Asks: 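Mind having a look at this structure? Questions to follow.
Owing to the predicted nature of the structure, the values given are computational and were not obtained by experimental measurement. All ligand and atom numbering here is 1-based and tracks the order in the structure.
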Amino acid sequence: MEDLKRIPPGQSTTRDFPVLHTGPIPEFKPATWDFRVWGAVETSQCLTWDQVLAIPRMKIQLDLHCVTGWSKLDTSWEGFTLKFLVREGIIKPKPEAHYIMQHADYGYTTNLPLDVALQENFLIATHYDGTPLTPDHGYPLRAVIGSIPGEKSLKDVYLWKGAKWLRGLEFLSEDRLGFWEANGYHNDGDVWREQRSSR
Ligand SMILES: Nc1nc2c(c(=O)[nH]1)N[C@H]1C(S)=C(S)[C@@H](COP(=O)(O)O)O[C@H]1N2
Ligand SMILES: [Mo]
């Protein structure tokens with residue numbers, strides 16, 4: 001029963017970890033890889049892979065909900081939250097920053113309101129299930145957003161709003177549509193309201 005309450009309308013659970021993305025899997029070259037932060041921030045940044053690895057990481061369990069209908073409960077991730085980066089002053093959003101755009105290799109983008117991206121259920125992850133991410137799930141770095149079991153105060157959105165192969169965060173004063181959001185998916189993507197498509 002408890003588990004049933006964790007499954008949003010129209011979703012069914014899977015034990016596998018399906019792989020979903022458009023386009024090819026990028027090759028990771030540590031020497032040239034970087035992570036950029038720009039837009040409505042006090043200081044633009046360009047972090048190397050070693051600098052990203054030096055950021056303290058936390059572990060979190062998330063229930064993932066894919067817009068195509070599968071949910072995967074109790075997934076284990078390791079990484080850092082944007083909330084942590086902002087609290088530590090590693091990223092300083094300007095007062096007018098109200099949205100973020102995630103930018104990934106090969107141009108995948110997805111947008112979120114900054115207040116949602118600052119929730120504890122939005123993680124920038126390096127590890128899944130105790131080991132570094134696999135290439136198909138976003139190695140070396142991906143964003144992931146899901147439900148924290150039992151935590152009802154957070155906004156829970158579909159998994160497309162976590163970019164695999166994440167390469168940067170752009171802070172925006174006005175909202176802009178990401179890849180799927182511009183291709184018919186709902187801009188908010190709330191899993192409990194079944195906001196799958198915008199039409
Ligand atoms: N870079 C990138 N990230 C992406 C996507 C993509 O096409 N490219 N697809 C999204 C979608 S639609 C989903 S459901 C999840 C799937 O994550 P998974 O393959 O680890 O299950 O990745 C999201 N992140
Ligand atoms: Mo998806």
Side-chain angles (χ1 to χ4, degrees), residues 6-29 32-37 49 52 59-79 81-82 99-113 116-117 119 121-147 155-170 176-199:
R6 291 163 61 180
I7 304 165
Q11 297 291 111
S12 45
T13 54
T14 177
R15 293 191 157 272
D16 310 328
F17 192 178
V19 172
L20 268 107
H21 55 262
T22 69
I25 296 174
E27 192 194 332
F28 173 52
K29 299 194 194 85
T32 52
W33 187 95
D34 58 11
F35 184 75
R36 299 208 310 129
V37 178
W49 176 235
V52 169
K59 290 180 180 171
I60 189 176
Q61 299 255 112
L62 292 171
D63 293 350
L64 307 181
H65 310 295
C66 176
V67 70
T68 60
W70 56 265
S71 289
K72 185 172 175 62
L73 306 184
D74 297 316
T75 60
S76 309
W77 298 89
E78 186 178 317
T81 59
L82 182 60
Y99 301 89
I100 65 158
M101 185 70 83
Q102 300 167 46
H103 291 264
D105 281 318
Y106 295 125
Y108 184 82
T109 53
T110 184
N111 57 309
L112 276 174
V116 175
Q119 296 180 156
N121 62 341
F122 179 73
L123 191 76
I124 301 174
T126 54
H127 292 66
Y128 169 76
D129 220 5
T131 54
L133 298 170
T134 54
D136 53 348
H137 286 297
Y139 182 76
L141 192 70
R142 77 170 295 172
V144 60
I145 186 160
S147 312
K155 189 159 183 83
D156 293 329
V157 304
Y158 292 109
L159 185 58
W160 90 74
K161 285 186 176 282
K164 306 197 278 190
W165 312 296
L166 185 67
R167 293 293 300 276
L169 295 178
E170 180 184 7
R176 215 165 67 210
L177 299 180
F179 176 78
W180 282 118
E181 292 83 359
N183 280 283
Y185 283 17
H186 199 286
N187 194 32
D188 298 339
D190 187 310
V191 301
W192 300 104
R193 296 182 185 170
E194 263 204 282
Q195 293 173 331
R196 297 175 197 269
S197 102
S198 59
R199 278 168 235 128

Asks: Under a 4.0 Å threshold between the charged nitrogen and the carboxylate oxygen, would Asp156 count as salt-bridged to Arg6?
Replies: no
Asks: Does Trp180 reach ligand 1 with a nitrogen or oxygen that is under 3.5 Å from one of the ligand's nitrogen or oxygen atoms?
Replies: no
Asks: Decide whether the shortest distance between a heavy atom of Arg142 and an atom of ligand 1 is less than 4.0 Å.
Replies: yes
Asks: Nearest to atom 7 (O) of ligand 1, what protein heavy atom do you find, and at what distance?
Replies: Thr22 N, 2.8 Å
Asks: Quick one: look at Phe17 and ligand 1, take heavy-atom pairs under 4.0 Å, and tell me if it's side chain, backbone, both or neither.
Replies: side chain
Asks: State which residue, out of Tyr108, Trp165, Phe179, fulfils the ring-ring contact (aromatic ring centres under 6.0 Å, His included) condition with His21.
Replies: Trp165
Asks: Which residue and atom name correspond to the protein heavy atom nearest atom 16 (C) of ligand 1, and how close is it?
Replies: Leu20 O, 3.4 Å
Asks: Going through the distances and angles, do Lys161 and Asn187 end up as a side chain to side chain contact (heavy atoms under 4.5 Å, CB included)?
Replies: CA-CA 10 Å; Lys161 285 186 176 282; Asn187 194 32; 4.3 Å; yes
Asks: Whether the side chain of Gln102 engages the backbone of Leu169 through a donor-acceptor N/O pair (distance < 3.5 Å, no angle test) should be reported.
Replies: no
Asks: Run the numbers on Val52 and Ile124 for side chain to side chain contact (heavy atoms under 4.5 Å, CB included), then give the verdict.
Replies: CA-CA 10 Å; Val52 169; Ile124 301 174; over 6 Å; no
Asks: Nearest non-hydrogen atom to atom 19 (O) of ligand 1 belongs to which of His21, Lys164, His65?
Replies: Lys164
Asks: Can a salt bridge be assigned to the pair Glu181 and Arg176 using a cut-off of 4.0 Å between side-chain N and carboxylate O?
Replies: no
Asks: Can you tell which part of Trp160 has a heavy atom less than 4.0 Å from ligand 1: side chain, backbone, both or neither?
Replies: both
Asks: Describe, in one word, how the ring planes of Phe17 and Tyr128 are oriented to each other, choosing from parallel (under 30°), tilted (30 to 60°) and perpendicular (over 60°).
Replies: tilted
Asks: What is the nearest protein non-hydrogen atom to atom 24 (N) of ligand 1, stated with its residue, atom name and distance?
Replies: Gly162 O, 2.8 Å
Asks: Within the structure, does His137 bring an N/O atom to less than 3.5 angstrom of an N/O atom in ligand 1?
Replies: yes
Asks: Could you list the atoms of ligand 1 found under 4.0 angstrom from a heavy atom of Val19?
Replies: 19 (O)
Asks: Working note: Ser76 + Gln61, criterion side chain to side chain contact (heavy atoms under 4.5 Å, CB included); need CA distance, chi angles, decisive distance, verdict.
Replies: CA-CA 5 Å; Ser76 309; Gln61 299 255 112; 2.8 Å; yes
Asks: Starting from atom 10 (C) of ligand 1, locate the nearest protein heavy atom and write down its residue, its atom name and how far away it is, to 0.1 Å.
Replies: Tyr108 OH, 3.5 Å
Asks: Looking at atom 14 (S) of ligand 1, what's its closest protein heavy atom, distance included?
Replies: Cys66 SG, 3.4 Å
Asks: Under 4.0 Å, counting heavy atoms only: does Trp70 come that close to any atom of ligand 1?
Replies: yes
Asks: Would the Trp180 and Tyr158 ring centres measure less than 6.0 Å apart?
Replies: no
Asks: Pro18 heavy atoms, cut-off 4.0 Å: which ligand 1 atoms fall inside?
Replies: 18 (P), 19 (O), 21 (O)
Asks: Are any of the N/O atoms in Ala104 less than 3.5 Å from those in ligand 1?
Replies: no
Asks: Of all the atoms in ligand 1, which lie at a distance below 4.0 Å from a heavy atom belonging to Ala163?
Replies: 3 (N), 24 (N)
